[in-house]
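Inspection log for the structure reproduced underneath, given as structure tokens.
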Number of protein chains: 2
Amino acid sequence: MLSNSSKYAIKGVLYLALNSNADHKILVRDIYETVHVPEAYLAKLLQELSRHDIISSTRGPKGGFYLSENDRQHTLMEIVKVIDGEKRVNSCVMGIRNCNMDNPCVLHKLIGSNKSKFIKVLENTTILDLIEGKEDVEEFFPF
Amino acid sequence: MLSNSSKYAIKGVLYLALNSNADHKILVRDIYETVHVPEAYLAKLLQELSRHDIISSTRGPKGGFYLSENDRQHTLMEIVKVIDGEKRVNSCVMGIRNCNMDNPCVLHKLIGSNKSKFIKVLENTTILDLIEGKEDVEEFFPF
DNA sequence: AGATTAAAAGACATTTTTATCCTTTTTATG
DNA sequence: CATAAAAAGGATAAAAATGTCTTTTAATCT
């Protein structure tokens with residue numbers, strides 16, 4: 001449902017949300033241990049998000065990744081779609097093409113409504129929502 | 001959350017539930033097209049389930065796969081556990097080790113309760129439950 | 001018993017996902 | 001302008017998931 005890559009990406013973005021802003025950019029080198037994601041791989045994912053304007057980055061000295069105020073308005077779903085692609089998230093729990101509530105497969109009837117809820121959470125939760133009121137970084141990234 | 005393999009397996013078992021019994025065994029050859037799963041792959045999955053006594057099979061002429069009355073009492077979760085292993089289903093949505101309701105990660109707080117419901121469905125739904133009152137095979141396996 | 005049928009088992013192939021490494025490009029700053 | 005810092009990009013590797021094929025074993029029927 002969510003690939004590892006997406007989870008990694010969300011963790012990375014979360015870290016950025018808690019620790020960065022336009023005046024304080026962050027190196028992958030300084031994130032990856034805390035969020036428990038391989039350095040080079042996390043770099044790739046953040047680059048991808050940056051390319052799709054989900055997060056921000058600048059090159060060169062004093063550069064790094066960061067979240068602008070605007071970036072914080074992006075939803076989890078936007079992250080997931082960039083990393084996993086549209087198809088994966090919206091796919092039927094049973095992997096059945098064209099399966100939806102109008103033409104539900106067996107499991108859909110059972111599970112469908114829960115899954116939709118999951119998707120709604122992804123769609124309706126912004127980065128900002130996730131971190132509001134939180135400061136303790138550690139609590140966010142248990143092993 | 002659910003691997004393709006698990007979905008395939010569930011479809012196969014569902015077909016067996018609808019069409020087989022101890023006196024009427026079924027060949028993979030006669031299932032795979034209907035459930036849209038590669039023949040050899042489905043065979044593998046059913047073998048695995050049979051080995052774990054989730055479904056039944058006999059070799060040789062008049063042989064094939066089938067569900068005994070007992071087999072029908074198995075839950076979806078049992079199927080999933082055989083195919084995907086314990087870890088995969090119960091793993092945190094965020095892939096965080098040791099994450100649970102006592103020590104929840106960020107997403108867990110948002111998604112956790114939905115996910116638990118999903119798992120409860122798998123645990124509480126037997127094959128029999130799934131097919132009760134159904135006869136029309138086609139409706140079960142849209143493309 | 002022998003032939004045939006069908007699942008079981010295992011070896012092999014492909015694809016996708018995950019991960020690493022190395023080079024190139026960009027940019028800030030002395 | 002030179003240099004160093006950092007992301008971007010490309011190529012490759014490793015691992016896992018998915019899928020195919022061949023051989024072995026067991027059951028049934030003549």
Side-chain angles (χ1 to χ4, degrees), chain A residues 1-13 16 20 22-33 35-67 80 82-85 87-89 91 95, chain B residues 1-13 16 20 22-33 35-67 80 82-85 87-89 91 95:
Chain A
M1 188 175 296
L2 280 193
S3 71
N4 271 327
S5 297
S6 274
K7 296 174 190 173
Y8 287 174
I10 291 175
K11 290 193 207 176
V13 172
L16 292 178
S20 80
D23 296 324
H24 186 245
K25 292 153 194 165
I26 298 207
L27 310 187
V28 173
R29 186 192 309 144
D30 299 325
I31 306 185
Y32 80 97
E33 282 175 326
V35 300
H36 314 110
V37 177
E39 180 173 6
Y41 196 51
L42 180 58
K44 268 270 145 70
L45 295 170
L46 292 184
Q47 282 164 27
E48 189 77 9
L49 291 177
S50 178
R51 192 138 39 83
H52 285 83
D53 298 313
I54 305 288
I55 70 178
S56 305
S57 68
T58 61
R59 297 172 168 192
K62 299 281 169 188
F65 292 97
Y66 66 99
L67 293 195
V80 171
V82 165
I83 302 298
D84 285 348
K87 235 175 51 189
R88 175 151 185 170
V89 225
S91 72
Chain B
M1 189 175 295
L2 280 193
S3 71
N4 272 328
S5 298
S6 273
K7 297 173 190 173
Y8 288 173
I10 292 175
K11 290 193 206 177
V13 172
L16 292 178
S20 80
D23 296 324
H24 186 245
K25 293 154 193 164
I26 297 206
L27 309 187
V28 173
R29 186 191 309 145
D30 299 325
I31 305 185
Y32 80 97
E33 282 175 326
V35 299
H36 314 109
V37 177
E39 181 172 8
Y41 198 49
L42 180 58
K44 211 154 224 186
L45 296 169
L46 293 184
Q47 282 164 26
E48 188 77 10
L49 292 177
S50 177
R51 190 136 41 84
H52 285 82
D53 298 313
I54 305 288
I55 70 178
S56 306
S57 68
T58 60
R59 297 173 171 191
K62 299 280 169 190
F65 293 96
Y66 65 100
L67 295 194
V80 171
V82 165
I83 302 298
D84 284 348
K87 233 176 52 189
R88 175 151 186 170
V89 227
S91 73

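Labels below follow one simple rule: chain letters A, B, ... track the order of the sequence lines, proteins then strands, and each chain is numbered from 1.
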Within the structure provided, determine whether [X] and [Y] are in side-chain contact (heavy-atom separation under 4.5 Å).
X       : Y       : answer
A/Ile54 : A/Val13 : no
A/Ile31 : A/Val37 : no
A/Phe65 : A/Ser50 : yes

[X] [atom1] - [N] [atom2] separation (whole Å):
X       : N      : atom1 : atom2 : answer
A/Lys25 : D/dA8  : NZ    : P     : 12 Å
B/Leu49 : C/dA7  : CG    : P     : 14 Å
B/Leu45 : C/dA7  : CG    : P     : 14 Å
B/Glu39 : D/dC21 : CD    : P     : 10 Å
B/Tyr8  : D/dA17 : OH    : C1'   : 11 Å
B/Leu42 : D/dG19 : CG    : C1'   : 12 Å
A/His36 : C/dT18 : NE2   : C1'   : 18 Å
A/Tyr66 : C/dA28 : OH    : P     : 11 Å

So which atom in [X] and which in [Y] form the shortest heavy-atom distance, rounded to 0.1 Å?
X       : Y       : answer
A/Tyr8  : A/Leu45 : CB-CD1, 3.5 Å
B/Leu2  : B/Lys7  : O-CE, 3.7 Å
B/Gly63 : B/Leu27 : O-CD2, 3.6 Å

Give me the residues of residues 50-57 of chain B where at least one heavy atom lies under 4.0 Å from an atom of DNA chain C, by number, or none.
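Per residue number, the list reads B/Ser50, B/Arg51, B/Ser57.
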How far apart are the C-alpha atoms of A/Lys25 and A/Lys62, what are their side-chain angles, what is the distance that settles it, and do they pass the side-chain contact (heavy atoms from CB on, under 4.5 Å) test?
CA-CA 7 Å; A/Lys25 292 153 194 165; A/Lys62 299 281 169 188; over 6 Å; no
With side-chain contact (heavy atoms from CB on, under 4.5 Å) as the test, would you mind laying out the steps for B/Asp23 and B/Tyr66 before giving the verdict?
CA-CA 9 Å; B/Asp23 296 324; B/Tyr66 65 100; over 6 Å; no
So how far is it from B/His52 NE2 to B/Glu48 CD, rounded to the nearest 0.5 Å?
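Interatomic distance, B/His52 NE2 to B/Glu48 CD, rounded to 0.5 Å: 5.5 Å.
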So, B/Tyr41 versus B/Ser5: side-chain donor-acceptor pair below 3.5 Å or not?
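Side chains of B/Tyr41 and B/Ser5: pair found under 3.5 Å.
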Check nucleotides 10-17 of chain C against the protein and report each pair of N or O atoms closer than 3.5 Å, with its distance, or say if there are none.
residue: C/dA11; atom: N6; partner: B/Lys44; partner atom: NZ; Å: 2.7

Please test A/Ile83 against A/Ile10 for side-chain contact (heavy atoms from CB on, under 4.5 Å), starting from the C-alpha separation and ending with a verdict.
CA-CA 10 Å; A/Ile83 302 298; A/Ile10 291 175; over 6 Å; no
Using a cutoff of under 3.5 Å, can you pull out all pairs of nitrogen or oxygen atoms linking the protein to nucleotides 3-5 of chain D, with atom names and distances?
none

